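Residue numbers count from 1 along this sequence. Source: prediction; values computed, not measured.
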Amino acid sequence: MRAHFLRMMQIETDKELPDSHAEGAALGPNDPVRFVWDKTTKQSVHNSRMKTRIMNDIKENSKLYKHVPRKDFNKKILDATFEQCFVTFRTKARAQRDAQSAQNLKRREDAKARRARHISRRKLKLANRADAREKIEALHHVTFDGALQVECMSSEDSDYDTDASGNQVSILRTRGHAWRSQRLIRFYGILDESAPNKIKRGAGKRERTCGPVKEGFGLPPKRVATWMISKRWMKTAQREHSDLPNVLGKLIEEPAGFEWSRLDILGEGSDVESEPGPSPQLPPRQNPPEHPAMQHPHPHHHSQPHQPPGFHIPQNLSMGYDPQANLQIPQHYNTDISSLGYALSS
């Protein structure tokens with residue numbers, strides 16, 4: 001659609017768009033398409049006519065776009081695509097004539113590009129670690145599958161540091177998730193040591209520096225296992241979020257058949273012994289629990305699973321959560337939190 005816009009407007013690029021057309025001014029059928037940039041297609045009769053003209057022309061010349069399926073040239077898809085493209089052109093036209101709009105557009109485009117770079121780095125890191133895992137037979141068990149998700153990867157932000165000569169050098173500062181356990185961090189470290197060192201052509205290797213963990217409260221993704229979750233983080237976070245064990249129980253998938261005693265390369269799983277005080281405990285089954293959602297039903301009782309209460313976020317935490325919103329967990333996830341109870345009591 002963007003290419004057809006440029007074709008109908010008889011311009012090669014959208015870097016220098018034509019001036020806004022005067023509403024009501026005559027425009028012949030052979031004249032290039034022009035728009036009233038200050039109005040939408042519903043506000044301007046002229047823009048509505050130009051929309052009809054472009055949509056009719058693109059359908060008549062659909063053969064120009066041989067890689068686009070024929071079904072994509074129906075009215076509903078063309079209408080939605082036109083409106084999206086027209087909004088983009090309007091934004092760029094205003095930015096080319098207004099300094100403030102241009103600055104806002106640049107900020108949005110920079111933020112979009114920054115997000116794309118961050119996601120690309122995390123996906124590349126995940127791909128390298130997945131390839132490295134294939135070469136280490138001891139890590140082939142399904143219990144490690146949950147660790148290879150893009151949501152578990154640390155972010156890498158561009159930053160600058162000073163070298164020994166006092167010059168500024170470009171680096172990547174990694175920031176991990178606070179919920180990740182020491183055993184999970186060691187797991188990633190082993191994979192990184194085994195991963196091939198791939199450098200893009202024409203680009204030197206950028207040094208990576210370990211930065212602080214990400215700020216704010218964040219939950220692990222679905223399909224994590226108990227060995228991946230830090231007990232220290234659990235203990236600290238539970239002071240503010242008393243129903244955290246119940247919520248995590250909905251996210252955890254605990255594969256069976258793996259014995260940690262046979263694998264010592266990841267070290268001990270506990271990371272809470274260095275802090276004084278008791279570890280967080282789940283309420284025992286025989287006692288009336290403080291959180292009803294954590295009760296286990298009778299084994300012969302087949303009623304519908306109990307719905308967990310809303311995941312309460314205190315008002316004094318500036319984390320961008322809606323305290324009235326419920327943390328929705330798909331029903332197909334295992335509601336048995338015995339594995340979490342095992343991890344917290346060990």
Given salt bridge (Lys or Arg N to Asp or Glu O under 4.0 Å), test Arg53 with Asp57 step by step and report yes or no.
-> CA-CA 6 Å; Arg53 180 176 164 183; Asp57 191 84; over 6 Å; no

Chi angles and distances behind the ring-ring contact (aromatic ring centres under 6.0 Å, His included) call for Phe144, Phe187 | CA-CA 9 Å; Phe144 300 107; Phe187 172 76; 5.3 Å; yes

Starting from the C-alpha separation in whole Å, work towards a yes-or-no answer on side chain to side chain contact (heavy atoms under 4.5 Å, CB included) for Glu253 and Val224.
-> CA-CA 6 Å; Glu253 289 185 4; Val224 297; over 6 Å; no

Does the pair Lys39 and Arg90 meet the rule for a side chain to side chain contact (heavy atoms under 4.5 Å, CB included), with working shown?
-> CA-CA 9 Å; Lys39 297 181 180 179; Arg90 283 187 69 204; 5.6 Å; no

Taking it one step at a time, do Phe258 and Trp227 satisfy ring-ring contact (aromatic ring centres under 6.0 Å, His included)?
-> CA-CA 12 Å; Phe258 183 78; Trp227 70 271; 8.5 Å; no

Can you check side-chain hydrogen bond (donor to acceptor under 3.5 Å, both in side chains) on Lys125 and Ser154, steps first, answer last?
-> CA-CA 9 Å; Lys125 183 184 298 185; Ser154 58; 2.8 Å; yes

Lys51/Asp79 under side chain to side chain contact (heavy atoms under 4.5 Å, CB included): CA gap, chis, key distance, verdict = CA-CA 9 Å; Lys51 175 181 179 179; Asp79 186 270; 2.6 Å; yes

Residue pair Asp243, Gln238: steps toward the side chain to side chain contact (heavy atoms under 4.5 Å, CB included) verdict = CA-CA 7 Å; Asp243 52 351; Gln238 197 173 355; over 6 Å; no

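Cluster annotation: Ile252 and Trp260 are assigned to the same hydrophobic cluster (Ile/Leu/Val/Met/Phe/Trp/Tyr, side-chain heavy-atom contacts under 4.5 Å, transitive). The same ILVMFWY cluster, assembled from side-chain heavy atoms under 4.5 Å apart, contains both Ile136 and Met228. Clustering ILVMFWY residues whenever any of their side-chain heavy atoms sit less than 4.5 angstrom apart, transitively, puts Phe86 in a cluster other than the one holding Ile77. At a threshold of 4.5 Å between side-chain heavy atoms, the hydrophobic network of Ile, Leu, Val, Met, Phe, Trp and Tyr places Leu126 and Ile185 in two separate groups. Cluster membership check: Val150 does not share its hydrophobic cluster with Ile119, using side-chain heavy-atom separations under 4.5 Å among Ile, Leu, Val, Met, Phe, Trp and Tyr.
In terms of heavy atoms, Asp14 sits closest to Leu17 at O-CG, 3.6 Å. When every heavy atom of Ala132 is checked against every heavy atom of Leu191, the shortest pair comes out as CB-O, 3.4 Å. Contact record, His118 with Glu156: CD2-O, 3.6 Å, taken as the closest heavy-atom pair. Nearest heavy-atom pair across Met1 and Cys85 is CG-CB, 3.9 Å.
Remark: Asp110 does not engage Arg115 in a salt bridge, criterion side-chain N to carboxylate O under 4.0 Å. Between Asp38 and Arg94 no salt bridge is recorded (no basic side-chain N to carboxylate O distance below 4.0 Å).
Between Lys63 atom NZ and Lys66 atom NZ the span is 13.5 Å, to the nearest 0.5 Å. With rounding to the nearest 0.5 Å, the separation of CD in Glu134 from CD in Glu137 is 11.0 Å. The structure places CE of Met8 at 12.5 Å from CD1 of Ile11, a figure rounded to the nearest 0.5 Å. Taken from SG in Cys152 to CZ in Arg122, the straight-line distance is 9.0 Å, to the nearest 0.5 Å. Between atom CG of residue Asn128 and atom CG of residue Leu124 there is a gap of 4.5 Å, rounded to the nearest 0.5 Å. With rounding to the nearest 0.5 angstrom, the OG atom of Ser44 is 3.5 Å from the CD atom of Glu23.
Remark: the backbone N or O of Trp37 is paired with a side-chain donor or acceptor of Ser20 at under 3.5 angstrom. In this structure, the side chain of Asn47 engages the main chain of Val36 through a donor-acceptor pair within 3.5 Å. Of the possible polar contacts, none joining the Arg34 side chain to the His21 backbone as a donor-acceptor pair under 3.5 Å is found. For Arg133 (side chain) and Leu139 (main-chain N/O), a donor-acceptor pair under 3.5 Å exists by modelled atom type. Remark: side-chain polar atoms of Ser120 are not paired, donor with acceptor, to backbone N or O of Ala116 under 3.5 angstrom. Looking only at distances, no side-chain donor or acceptor of Ser62 sits under 3.5 Å from a matching main-chain atom of Ile58. A donor-acceptor contact shorter than 3.5 Å is absent between the side chain of Asp31 and the backbone of Leu27.
For the pair Arg129 and Tyr188, the cation sits on the ring face: its NZ or CZ lies under 6.0 Å from the ring centre, inside 45° of the axis. A cation-pi arrangement is found for Arg70 relative to Phe73, the charged atom lying closer than 6.0 Å to the ring centre and inside a 45° cone about the ring normal. Stacking of Arg232 on the aromatic ring of Trp179 is not recorded, the 6.0 Å distance cut-off and the 45° axial limit not both being met.
Residue Lys214 qualifies as enclosed at atom NZ: its count of foreign heavy atoms under 6.0 Å is above 12. Remark: Arg49 CZ is loosely packed, at most 12 non-hydrogen atoms of other residues, nucleotides or ligands lying under 6.0 Å away. Within a 6.0 Å radius of CD in Glu151, other residues, nucleotides and ligands contribute more than 12 heavy atoms.
Counting heavy atoms from C-beta on, the side chains of His141 and Leu263 never come closer than 4.5 Å. Between Pro220 and Leu248 there is a side-chain heavy-atom pair separated by less than 4.5 Å. Counting only heavy atoms from C-beta outward, the side chains of Trp233 and His177 never approach each other to under 4.5 Å. Between Leu78 and Asn74, every side-chain heavy-atom pair lies at or beyond the 4.5 Å cut-off. Two residues are said to be in side-chain contact when any heavy atoms from C-beta on lie closer than 4.5 Å; Pro255 and Val142 meet this criterion. Pro18 places a side-chain heavy atom less than 4.5 Å from the side chain of Met9. By the 4.5 Å heavy-atom criterion applied to side chains, Gln10 and Val33 are not counted as neighbours. Between Arg223 and Gln149 there is a side-chain heavy-atom pair separated by less than 4.5 Å.
Side-chain contact check for Glu254 and Thr226: at least one donor-acceptor pair (N or O, by modelled atom type) lies under 3.5 Å.
Note: Tyr65 and His4 have perpendicular aromatic rings, judged against thresholds of 30 and 60 degrees for the angle between ring planes.
Aromatic pair Phe89/Phe82: centroids not less than 6.0 angstrom apart.
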